[in-house]
There are 2 protein chains.
Amino acid sequence: MSDKPPLAVALVHYPVLDRRGDRVTSAVTNLDLHDIARIACTYGVDSFYVVTPVAAQQELVAAILGHWREGHGAGYNPDRKDALARVQVVDSLDAACQDWEARCQRRIQPLLTGARCTDGLSFGEGRELLQRTPTLLVLGTGWGLAPEVFAQGWPMLTAICGVGDYNHLPVRAATAIILDRLLIGREVE
Amino acid sequence: MSDKPPLAVALVHYPVLDRRGDRVTSAVTNLDLHDIARIACTYGVDSFYVVTPVAAQQELVAAILGHWREGHGAGYNPDRKDALARVQVVDSLDAACQDWEARCQRRIQPLLTGARCTDGLSFGEGRELLQRTPTLLVLGTGWGLAPEVFAQGWPMLTAICGVGDYNHLPVRAATAIILDRLLIGREVE
């Protein structure tokens, strides 16, 4: 880890909402694992927590990680091995916070995201936060993080705004755009 | 289409390279269709061309589009219907250029992308290009566009640079980041 405070990403599968606004546990997808691990690796994110309380889903993640980190996939695609090296599966968002705090050896700040956040931190303010303190960027699957996550008093980022009203980015794409804005930001020319 | 020159995206499955540098036709994936259609919709991209010469793959795309645009999926998820409305499958990159030129009723400019482009247009220059002329943003699947595409004399964008040396973004993530940089760019605050 460099002098810059470390950054981790948490992809939450519970508690999240479904299309009807009901609280559900979403399924872990192989695709989110690979894509977000590769995106995290590109932007120097130190750790990627996959949050699910479901034992069968945790076993699925472990099997996928085993294949690419130690099994046939490790030799077939070493780049993928590098990306997936930073993935860790945990039971809950609290467990992700605790593990990340233990690894950073100082207080960490969760930073929430959501497509319906209209009055959160600007990306400029998010960049300042990342300069000050180790951060855990929290993304929800399904139709987004459940209200109790937002009730914790943690800061949230204002939603990505595209060109029109359409507001249904895949979480993989949102992760890529958010990390690019927070870590590369206005220096892009 | 607004006063701004229209923009289209082409996702090329031939001619592209594989991991060994051989020229291949890559397989169309359901995932790229959905993710890039949703990303394109978010950023107001007018058309999304899926380029493959393989008839069976073209039929697969048609079946997927039929399900979501007219079949059960259209009622189940109208947002997805909106996103997939802009997808069109074509035989070749030339066919995409010709169709896009016909739709724009003026000369269009292909703008190439690639993870190994080190001396292309900056994103600022790319933004200026998009202000001047209707553009077709061209992305390769697999290990990137084959050399003959770069030999056409079309401008190319400098590769996305993350924080370290890792240079293996999924094409879906690269599309999201490129569109965000080109269409939202430095105004993000």
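Naming convention: chains lettered A, B, ... in sequence-line order (proteins, then strands); numbering from 1 in each chain. Just so it is clear, the structure is predicted and the values come from calculations on it, not from any experiment.
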Enquirer: Using a cut-off of under 4.5 Å for heavy-atom pairs, which of B:H34, B:R172, B:R80 has the most such pairs with chain A?
Expert: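 Option with the top pair count is B:R172.
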Enquirer: Is it the case that one hydrophobic cluster holds both B:Y43 and A:V171, taking links as side-chain heavy atoms less than 4.5 Å apart, direct or via other members?
Expert: yes
Enquirer: Quick one: pull up CD1 in B:I177 and OG1 in A:T175 and give me the separation to the nearest 0.5 Å.
Expert: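 B:I177 atom CD1 to A:T175 atom OG1 measures 10.0 Å (nearest 0.5 Å).
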Enquirer: Under 4.5 Å between any side-chain heavy atoms of A:T42 and B:H168, yes or no?
Expert: no
Enquirer: Is it the case that atom CZ in B:R20 sees more than 12 heavy atoms from other parts of the structure closer than 6.0 Å?
Expert: no
Enquirer: B:R181 side chain to A:R181 main-chain N or O, any donor-acceptor pair under 3.5 Å?
Expert: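 Pair absent, no side-chain N/O of B:R181 close to backbone of A:R181.
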Enquirer: Using non-hydrogen atoms only, which part of B:I39 is less than 4.5 Å away from chain A: side chain, backbone, both, or neither?
Expert: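 It is both, since atoms from each part get that close.
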Enquirer: Of the listed residues (A:G164, A:A173, A:C41), which shares the most heavy-atom pairs with chain B below a 4.5 Å separation?
Expert: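 That would be A:C41.
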Enquirer: Count the heavy atoms belonging to other residues, nucleotides or ligands that lie under 6.0 Å from CZ of B:R107, then report whether that count exceeds 12.
Expert: no
Enquirer: Would you find more than 12 non-hydrogen atoms of other residues, nucleotides or ligands less than 6.0 Å from A:Q105 atom CD?
Expert: no
Enquirer: Under a 4.5 Å heavy-atom cut-off, does chain A meet the side chain of B:I160, its backbone, both or neither?
Expert: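 Contact with chain A is through the side chain of B:I160 alone.
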Enquirer: Within a strict 4.5 Å, meaning less than it, do heavy atoms of the A:F123 and B:I184 side chains meet?
Expert: no
Enquirer: Which one, A:L169, A:D165, A:T158, leads in non-hydrogen pairs under 4.5 Å with chain B?
Expert: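 With the most close heavy-atom pairs to chain B, the winner is A:L169.
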Enquirer: Please identify, among B:G126, B:A176, B:P170, B:A174, the residue contributing the most non-hydrogen atom pairs under 4.5 Å to chain A.
Expert: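 Looking at each of B:G126, B:A176, B:P170, B:A174 in turn, B:P170 comes out on top.
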Enquirer: Quick one: does A:R38's side chain have a donor or acceptor within less than 3.5 Å of a partner on B:N167's backbone?
Expert: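 No, the answer is negative, given that no donor and acceptor are paired below the 3.5 Å cut-off.
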Enquirer: Let me check something: do A:Y14 and A:V54 share a hydrophobic cluster, defined by ILVMFWY side-chain heavy atoms less than 4.5 Å apart, either directly or through other members?
Expert: no
Enquirer: Mind listing the closest non-hydrogen atom pair of A:A83 and B:Y166 along with its distance?
Expert: CB-OH, 3.4 Å
